[in-house]
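Every value quoted in this text rests on a predicted model; they were computed, and no experiment measured them. Each chain gets a letter, A, B and so on, in the order its sequence line appears, and its residues count up from 1.
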Amino acid sequence: MKSQKGHYMMRLSGVVMMVALLSGCNIDVFDPAGPVAESQRNLIVYSLFFVGAIILVVYSIFTVFVIKYRANRKNRKESDYKPEMHGNYIIEAIWVAVPVLIVIALSIPTVRLIFQLEEPPVSSQGEEPLVVYATSADWKWFFSYPEEDIETVNHLYIPTDRGIEFRLASAESMSSLWIPQLGGQKYAMAGMENTLFLQADEEGTYLGRNANFTGEGFAAQTFHVNAVSDDEYNQWVDNVSENEPELTQERYDELLAPGLVDQMTFSSTHLDYADHGSNEDRDYSVERHGDKYDEQLDLYNTPGWNPNEIPE
Amino acid sequence: MSENVHNNVPLEYSTDEGQNSIIGFWIFLAAEISLFATLFATYAVLFSRTADAMEPAELFQPGIVLVMTVLLLTSSFTCGLAIHFMRQGSLKGTQILLGITLLLGMTFIGFEIYEFIHYVSEGVTLQSSAYWSAFYILAGTHGIHVMVGIGWMIGIIIQLFQHGLTAFTARKVFIVGLYWHFLDVIWIFIFTGVYLIGMVV
Amino acid sequence: MQLDEFFVTGEPLIYIGMAAIVLVSGTILFVLTYFKKWKWLWAEWLTTVDHKKIGVMYILLSLAMMFRAGVDAMMMRLQLAFPDMNFLNSQHYSEVFTTHGTIMILFVAMPFLIGLMNYVVPLQIGARDFAFPFVNALSFWSTFFGAMLFNISFVIGGAPDAGWTNYAPLAGSELSPGPGINYYLLGLQLSGIGTLATGINLMVTILRMRAPGMSLFKMPIFTWSTLITSFIIIFAFPILTVALALMTIDRIFGSHIFTLTGEGLPMMWANLFWMWGHPEVYIVILPAFGIFSEIISAFAQKQLFGYKTMVWAIILIAGLSFVVWVHHFFTMGAGAFVNSIFSITTMAIAIPTGVKIFNWLATIYKSKIIFGTPMMWSLAFIPSFTIGGVTGVMLGMAAADYQFHNSYFLVSHFHYVLIPGTIFACFAGLIYWFPKMFGFQLNRKLNIWAFWLFLIGFHVTFFPQYFLGLDGMARRLFTIGPEWFTLNFISTAGAFVMGAGFAVFVYCIVYSYFKSTRDLPGDVWGVGRTLEWATPTPVPKYNFATLPDVKSHDALIDMKEDGETTFDEDKLESIHMPNYTGQPFIMTAIMFFASFFLVFEWITLASIGLIGIIVMMYVRSFDYDGGYHIGVDEISKIENSLRGHDNE
């Protein structure tokens, strides 16, 4: 039953995809690369049927009435005008009931998915999710792999077919981690740790960003997610552990200062000296860099600078 | 803006203008409730977020707050008596009782200022922590309201000397009375919600 | 402080802005002086307490602000037209979208609707003025000065740049130093006082000053929506007042409510902001619903279908508006349970809203639709708003919202509700009541041009944005990726068509001022159903010479049947009127300067301003001006001269 339903959904979303392709663009949210984004896509498509039906009904009635009851229409009949009509409880009850039913129909799968998204994806339940601390700072992302003792800046590597448990925090402003093709976003805040489960089933490079405005460098705060096979991922881990430098606190503090930085990789994490999601370290960055916001980045959209680009 | 005169009602209700103003003031108090509710909510959320500053239990003194409470409650009572005298047509009685209310209110403010100075001298200020910011702002907003009430009442007592008891001045006395009772109610919440709970927890 | 720190320097666009300000103010000053109009301005407008003049001033303020924030919108769309566009840099773009949003909500939508309420509500309920005309003037001037304070920010000191939501800790003193955010906080505070006072004023007016016989359920629907709106204002605005005050204290006096240091809680700002902000959305949409209901029923020449259901729908929406605020940040991590609850409450709002849509459709069923220009705007509202409404339900589904949030899908949604809802209602209402206000009609042809340009431009601008959002384009980005180019370009083109529509509308007003005929009957459109159309045009300063007994919510229809007018010589009595006074203007002007000093944290000067405000309050309290009376003879004279053409 379930797979049948899923199949049905796939076909429907295929129609939506067709429309998207016809209009000449590949729409990220309708082009999921993992189970989380897929479940959200399916919910959206499900809701679009109701939305479409409502619009169809309202537009049809509207068009007919506006044409039929205009005052200057020829062939108007006497019976086409009933100025004293003021209400009808039965009819009104019907159009109270129908929206109620629609809301119920939309609520049930919504609530179910809300709860489901708080857990690791079902399809990779056999395996412990990979824990990645994602820390937003003005205006870059740090990704710490505590198990592997690796830290990356503005990019990350993840194995496919395995749940990723992001532990979100921000060094200062509230930001939001969003990788549209892998799933919906969640806020990263200082002094409060949020958890977000995502998963990639298809290998590839995806664009992730901070979706919540955080000031001048906001548009530049993007990153690349490299979803690779398990083997490739393990190779990458070994490679980083052997060849990349350690991330000292001094270096970390430097990188933390407001500004833009390139993609980087280190063979140790910052979690030992700063856990921005904890109550003690909520002001770690502000204490060190709070006086640096007087100066502006003067960020212009210079030619060749494209924070929204994904490398092929 | 018709000028209907209503009989068989107290003086302050005897004109449309008076009735409108009193209803308007009640609605204003509803807005004030929303304002203080927001402040109380803020305070509750920030409770225990004292950072490195002292805990409220170490600092709050039951004695002084109790005295303040008695002062304000008594002033609310005398304010009610002022309205009572006004209803009986006694200008002098109204003025004297408003005067007593005023004195009690001023003493209350004096104690509050002393209290704040004491806390600051102990090293706890508005800038100490989220909790103390919320405390000073909540109690301070109430304090500022009381000061506004005092200034307002002084003006009205002077106007009573100038014009005696008319529908217009009676309405003003009645409204400042409503305001004063309202501040008393808010204080009860501050006394229990802030001081008593702060001393226990 | 150096002068070059005081004025914003280095941006050519801002120099253009400065030049424009100097030029426009210079022209105004010159015209006033040349035509010797200073005294007229003071005596007729700045000191007025007449609800009709105050209403007109609100609308003028709103149109001026719509121009300013519209220019902001154009600038943003221009920057986003091409992937390599370098018209605005990041900082400037942030300032522009912040002021665009803030001004559109607080200084366009609200003053426009409050202006219409000011003008129309007393006329609809048969009142001679507001319950508190003095307070009404005070409200307007504090809104006006709040708007001015907010607007001078971009030339003096720097504009706010943390978004109209002004989230902490970004907007705190560490991450956003300088006066910009202070302008936001104090500008909104100043105008917020005015809005709250208006809410109280309207509520007392509606509750206490209705014509004889007009029970609550015989009130016109616009009055109903105003009453409910003022209820929302009274409970929601104090929350904003507190939130703004707390952040002001944080920024200027170093407290730790929303800071990262001292264990403050930045998340609380988002909560407080939206506990006000969501009801605020309904403050600007419910009156719009009221306006549409009036116009649709009038031009369909038919009773509003399901009047009582409509009223209860408004009440229900108002109630629900206080329990949905979390849907603005489903992604904050409040937990599955909380998100589920707020998802359901949010979607529940669609129920009464849907009922309203169907009732409007039922109103045009078996009707005789006359396509007056106000009706065109109102009819266009129904299909356009429906799209905004259903996408609102989609956003309410929290699990899906994780993908929509902070994207252009959201941007498109709220423009789809606020423009067809509020802005169309403002245009429709203004055109509808315009002849009452000014005594002449707006040119139909130009109006139709403005309508189609604006409507088509609107859809072309915002419909593509749904897809941009689904394609991962976050809001507030100052640069676009190449894959988003096509849709963005279309959107920008649409924005300029909309802009052209607005320009034609303004031109239409000017054109009609010179070309339209005066001498209009009381029921200008010939389809009026409510009391405001019973008054002569233009409306005399006391509004109603005498009041009829109201029997239903279509009071004028009954009056026409019974042959009644609002001028019954037998019932004439002298009318008491309040005197004009300059106190509201002076008091709020002092508030303006005090707030301005506080923006720059000049505490001494601000304190002097505070003393000025206290002095003005005493002046008011000791003012025993009782107003004046208009005698029966004078009323007769005015009414006979105004109604002359009605009898022809």
Counting only non-hydrogen atoms closer than 4.5 Å, does [X] touch chain C with its backbone (N, CA, C, O), its side chain (CB onward), both, or neither?
{"X": "Q116(A)", "result": "neither"}
{"X": "V100(A)", "result": "both"}
{"X": "L113(A)", "result": "both"}
{"X": "F115(A)", "result": "both"}
{"X": "E216(A)", "result": "both"}
{"X": "N88(A)", "result": "both"}
{"X": "A37(A)", "result": "both"}
{"X": "W95(A)", "result": "both"}
{"X": "E92(A)", "result": "side chain"}
{"X": "E172(A)", "result": "both"}
{"X": "N194(A)", "result": "side chain"}
{"X": "I54(A)", "result": "side chain"}
{"X": "A171(A)", "result": "backbone"}
{"X": "R282(A)", "result": "both"}

Ring pair (Phe, Tyr, Trp, His ring centres under 6.0 Å) between W360(C) and F62(A), intermediate numbers included: CA-CA 10 Å; W360(C) 284 313; F62(A) 177 81; over 10 Å; no
Region of [X] that comes under 4.5 Å of a non-hydrogen atom in chain A:
{"X": "N339(C)", "result": "both"}
{"X": "Q79(C)", "result": "side chain"}
{"X": "L304(C)", "result": "backbone"}
{"X": "N359(C)", "result": "both"}
{"X": "T486(C)", "result": "neither"}
{"X": "T386(C)", "result": "side chain"}
{"X": "S343(C)", "result": "side chain"}
{"X": "I341(C)", "result": "neither"}
{"X": "Y307(C)", "result": "backbone"}
{"X": "F371(C)", "result": "side chain"}
{"X": "P83(C)", "result": "backbone"}
{"X": "W484(C)", "result": "side chain"}
{"X": "A300(C)", "result": "backbone"}

Quick one: which of [options] has the most heavy-atom pairs under 4.5 Å with chain C, could you say?
{"options": "S176(A), G215(A), G183(A), A190(A)", "answer": "G183(A)"}
{"options": "T195(A), I102(A), D291(A), T110(A)", "answer": "T110(A)"}
{"options": "V58(A), L117(A), L207(A)", "answer": "V58(A)"}
{"options": "K292(A), M189(A), Q185(A), M192(A)", "answer": "Q185(A)"}

Minimum heavy-atom distance Y59(A)-S384(C), with the two atoms named: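 Residues Y59(A) and S384(C), closest heavy atoms: OH-N, 4.4 Å.
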Least distance between heavy atoms, R209(A) atom then A474(C) atom: CD-CB, 3.7 Å
Side chain to side chain donor-acceptor pair (under 3.5 Å) between T261(C) and E287(A), intermediate numbers included: CA-CA 8 Å; T261(C) 49; E287(A) 298 262 289; over 6 Å; no
Y402(C)/W178(A) aromatic ring centres below 6.0 Å: no
Please check if any side-chain donor atom of [X] sits under 3.5 Å from a side-chain acceptor atom of [Y], or the reverse.
{"X": "T214(A)", "Y": "N210(A)", "result": "yes"}
{"X": "Y408(C)", "Y": "H413(C)", "result": "no"}
{"X": "N86(C)", "Y": "Y300(A)", "result": "no"}
{"X": "R476(C)", "Y": "N406(C)", "result": "no"}
{"X": "S297(C)", "Y": "Q303(C)", "result": "no"}

Which one, [options], leads in non-hydrogen pairs under 4.5 Å with chain A?
{"options": "G396(C), G333(C), P383(C)", "result": "P383(C)"}
{"options": "L379(C), D161(C), I370(C)", "result": "L379(C)"}
{"options": "F409(C), Y93(C), F358(C), F299(C)", "result": "F358(C)"}
{"options": "Q91(C), M267(C), R475(C)", "result": "Q91(C)"}
{"options": "K366(C), E174(C), H405(C), K302(C)", "result": "K366(C)"}
{"options": "T363(C), V355(C), I369(C)", "result": "I369(C)"}

Intermediate values then yes/no, side chain to side chain donor-acceptor pair (under 3.5 Å), T391(C) and Y466(C): CA-CA 9 Å; T391(C) 49; Y466(C) 281 120; 2.9 Å; yes
Evaluation steps, ring pair (Phe, Tyr, Trp, His ring centres under 6.0 Å), between H86(A) and F305(C): CA-CA 5 Å; H86(A) 55 78; F305(C) 192 90; 8.3 Å; no
I344(C): partners by side chain to side chain contact (heavy atoms under 4.5 Å, CB included), with sequence neighbours left out: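 Expected list: S107(A), V111(A).
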Worked check of salt bridge (Lys or Arg N to Asp or Glu O under 4.0 Å) between D80(A) and R73(A): CA-CA 11 Å; D80(A) 281 347; R73(A) 183 170 68 94; 3.1 Å; yes
Could you tell me whether the side chain of [Y] reaches within less than 4.5 Å of the side chain of [X], counting heavy atoms only?
{"X": "Y46(A)", "Y": "L106(A)", "answer": "yes"}
{"X": "T479(C)", "Y": "L477(C)", "answer": "no"}
{"X": "N306(A)", "Y": "P482(C)", "answer": "yes"}

Trace of the ring pair (Phe, Tyr, Trp, His ring centres under 6.0 Å) decision for H92(C) with F97(C): CA-CA 9 Å; H92(C) 199 169; F97(C) 73 65; over 10 Å; no
Set of residues satisfying ring pair (Phe, Tyr, Trp, His ring centres under 6.0 Å) with respect to F65(A), sequence neighbours excluded: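 Expected list: Y69(A), Y365(C).
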